[in-house]
Visitor: 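I have a structure I would like to understand better, so I am pasting it below and will then ask my questions one at a time.
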Amino acid sequence: MQIIKRNVELRVDDSLMRVYVAAPKPEGRYPGIVFFSDIYQLGSPITRLADRLAGYGYVVAAPEIFHRLEPVGTVIEPSDLGRMRGNDDARRTAIAHYDADTRAVLDFLKSESSVLPDKLGSMGFCIGGHLAYRAAFQPEVKATVSCYPTGIPIGKLGKGVADTLQRTGEIHGELLLVFGTLDPHVKEPDRHTLAQTLEKTGVRHQILIYETDHTFMRDDGPRYDPAATDAAWNELIPFLKRVIG
């Protein structure tokens, strides 16, 4: 379906957080998704993914994850220097601040007249996959799509050590994990640790594995895999439809 796009200003801990919102154009009420970027923030490859999700009938709200450190509207270039900058921003951001941002976006979605407040989910890529996984700790998040999430087994997310893996049992909704076998940042032992933890804690989950590299769903670089991306979308949309509509 056709979509509409806008930017929303939220204040979190007196910091201006831009949130990119993509939503279905037809009037109605739809499930809401808090949507997390990779370390490069809200460049066009990420907003295209948000737009695509919105077109399936979701109100998608994507925050700038480094708003406390970068000027509003900052898009980090996906280059060697940009990777250094993004990783440094990630390292300097307190884990509690990431969680506060998630809470703010969920509250925003619940306040929107076009959103069904009892049908909320999360989705993210790379560091955003980790953030989407943490968003699942919130009781109203019923469905989570975590694409090649980095750092969960070792607690690497921001300043300090993240307790994400240890808190997996707090997830009451359902989780879909998307991995690539050629991903140097989420290797097989990490995938095994996540799967084992989810099984042990009884979290309802699915795991999709493709013969692809890291960030294979991002369409602006040499690791982009259109066929695997389409295959993942063909699984994740039915997952979301089943869980939150």
Visitor: Minimum heavy-atom separation for L182 and D213, please, with both atom names.
Guide: O-OD1, 3.4 Å
Visitor: Applying a strict under-4.5 Å side-chain criterion to I, L, V, M, F, W and Y, I'd like to know whether V115 and L10 cluster together.
Guide: yes
Visitor: Does any N or O in the side chain of H172 come within less than 3.5 Å of the main-chain N or O of P139, such that one atom is a donor and the other an acceptor?
Guide: no
Visitor: Test side chain to side chain contact (heavy atoms under 4.5 Å, CB included) on F108 and L106 and set out the steps.
Guide: CA-CA 5 Å; F108 161 75; L106 287 171; over 6 Å; no
Visitor: How far apart are the C-alpha atoms of H67 and S15, what are their side-chain angles, what is the distance that settles it, and do they pass the side-chain hydrogen bond (donor to acceptor under 3.5 Å, both in side chains) test?
Guide: CA-CA 7 Å; H67 63 92; S15 177; 2.8 Å; yes
Visitor: If I take atom OG from residue S37 and atom CZ from residue R218, how far apart are they, to the nearest 0.5 angstrom?
Guide: 8.5 Å
Visitor: Looking only at atom types and distance, does a side-chain atom of D190 sit under 3.5 Å from a main-chain N or O of V186, one as donor and one as acceptor?
Guide: no
Visitor: Using the rule salt bridge (Lys or Arg N to Asp or Glu O under 4.0 Å), only one of R18, R68, R11 pairs with D101; which is it?
Guide: R68
Visitor: Given Y210 and D183, is the side-chain hydrogen bond (donor to acceptor under 3.5 Å, both in side chains) satisfied, shown in steps?
Guide: CA-CA 10 Å; Y210 302 96; D183 188 340; over 6 Å; no
Visitor: Do T164 and R134 get their side chains close enough for a donor-acceptor pair, meaning under 3.5 Å?
Guide: yes
Visitor: Applying a strict under-4.5 Å side-chain criterion to I, L, V, M, F, W and Y, I'd like to know whether L116 and V105 cluster together.
Guide: no
Visitor: Is the backbone of L175 close enough, under 3.5 Å, to the side chain of R204 for a donor and an acceptor to pair up by distance?
Guide: no
Visitor: Please report the interatomic distance CG(L69) to CZ(F66), rounded to the nearest 0.5 Å.
Guide: 8.0 Å
Visitor: Under a 4.5 Å cut-off applied to non-hydrogen side-chain atoms, are M17 and P63 in contact?
Guide: yes
Visitor: Rounded to the nearest 0.5 Å, what separation is found between the SG atom of C147 and the CG atom of L177?
Guide: 9.0 Å
Visitor: Any sub-3.5 Å donor-acceptor pair from Y56's side-chain atoms to L240's backbone N or O?
Guide: no
Visitor: With distance as the sole test, does Q2 use its side chain to make a donor-acceptor pair with the main-chain N or O of P26 at under 3.5 Å?
Guide: no
Visitor: Nearest 0.5 Å, please: how far is CD in Q138 from CD in E170?
Guide: 9.0 Å
Visitor: In terms of side-chain heavy atoms, does T144 have a donor or acceptor partner in S122 at a distance below 3.5 Å?
Guide: yes
Visitor: Same cluster or not: V12 versus L131, using hydrophobic residues (I, L, V, M, F, W, Y) connected whenever any side-chain heavy atoms lie under 4.5 Å apart?
Guide: yes
Visitor: Hey, which of F179, Y148, Y224 is the one that makes ring pair (Phe, Tyr, Trp, His ring centres under 6.0 Å) with F216?
Guide: Y148
Visitor: With side chain to side chain contact (heavy atoms under 4.5 Å, CB included) as the test, would you mind laying out the steps for T150 and C126 before giving the verdict?
Guide: CA-CA 5 Å; T150 53; C126 191; 3.8 Å; yes
Visitor: At their closest point, which heavy atom of T181 faces which heavy atom of E211, and how far apart are they?
Guide: OG1-CA, 3.2 Å
Visitor: Are the side chain of Q41 and the backbone N or O of I65 linked by a donor-acceptor pair below 3.5 Å?
Guide: yes
Visitor: Are any non-hydrogen side-chain atoms of W233 and L53 less than 4.5 angstrom apart?
Guide: yes
Visitor: So I46 and M217, do their side chains get closer than 4.5 Å, heavy atoms only?
Guide: no
Visitor: Taking all non-hydrogen atoms of both residues, which atom of R242 and which atom of E174 are closest, and how far apart?
Guide: NH2-OE1, 2.9 Å
Visitor: So which atom in V59 and which in Y30 form the shortest heavy-atom distance, rounded to 0.1 Å?
Guide: CG2-CB, 4.1 Å
Visitor: Is any side-chain N of the basic residue among R103 and D107 closer than 4.0 Å to the acidic one's carboxylate O?
Guide: yes
Visitor: Within this structure, what is the CZ-CG distance for the pair F35 and L109, rounded to the nearest 0.5 Å?
Guide: 13.0 Å
Visitor: Could you check whether atom NZ of K5 has more than 12 heavy atoms from other residues, nucleotides or ligands sitting under 6.0 Å from it?
Guide: no
Visitor: Salt-bridge test for R6 and E112: reply yes if a basic N is under 4.0 Å from a carboxylate O, no otherwise.
Guide: yes
Visitor: With side chain to side chain contact (heavy atoms under 4.5 Å, CB included) as the criterion, how do F239 and V145 come out once you've worked through the C-alpha distance, each side chain's angles and the decisive distance to 0.1 Å?
Guide: CA-CA 9 Å; F239 166 80; V145 179; 4.0 Å; yes
Visitor: Take N7 and V21 through the side chain to side chain contact (heavy atoms under 4.5 Å, CB included) test and state the conclusion after the steps.
Guide: CA-CA 6 Å; N7 289 291; V21 179; over 6 Å; no
Visitor: Are the side chains of H130 and Y98 in contact, using a 4.5 Å heavy-atom criterion?
Guide: no
Visitor: Is the side chain of T74 donor-acceptor paired with the backbone N or O of E70 at a distance under 3.5 Å, no angle test?
Guide: no
Visitor: Identify whether the distance between the nearest side-chain nitrogen and carboxylate oxygen of R48 and D51 falls below 4.0 Å.
Guide: no
Visitor: Might you point out which heavy atoms bring D89 and T93 nearest each other, and give the distance in Å?
Guide: O-OG1, 2.8 Å
Visitor: So, do F36 and V34 sit near enough that their side-chain heavy atoms are less than 4.5 Å apart?
Guide: yes
Visitor: Does a side-chain N-to-carboxylate-O contact under 4.0 Å join R191 and E188?
Guide: no
Visitor: Where the side chain of Y20 meets the backbone of V8, is there a donor-acceptor pair that is under 3.5 Å apart?
Guide: no
Visitor: How far does CD of E140 sit from NZ of K142, to the nearest 0.5 angstrom?
Guide: 7.5 Å
Visitor: Grouping I, L, V, M, F, W and Y whenever their side-chain heavy atoms are under 4.5 Å apart, do I237 and I3 come out in a common cluster?
Guide: no
Visitor: State plainly whether the residues R85 and D88 are in salt-bridge range, i.e. N to O under 4.0 Å.
Guide: no
Visitor: List the atom of P31, the atom of G57, and the distance in Å for their closest heavy-atom pair.
Guide: CD-O, 3.5 Å
Visitor: Side-chain heavy atoms under 4.5 angstrom apart, residues restricted to Ile, Leu, Val, Met, Phe, Trp, Tyr: same cluster for V141 and V178?
Guide: no
Visitor: Would you say T197 and I152 make side-chain contact, with heavy atoms under 4.5 Å?
Guide: no
Visitor: When you compare the side chain of L120 with that of I33, does any pair of heavy atoms fall below 4.5 Å?
Guide: no
Visitor: For E77 and G82, indicate whether the former's side chain and the latter's backbone hold a donor-acceptor pair under 3.5 Å.
Guide: no
Visitor: State, with a plain yes or no, whether a side-chain heavy atom of I76 is found less than 4.5 Å away from one of I39.
Guide: no
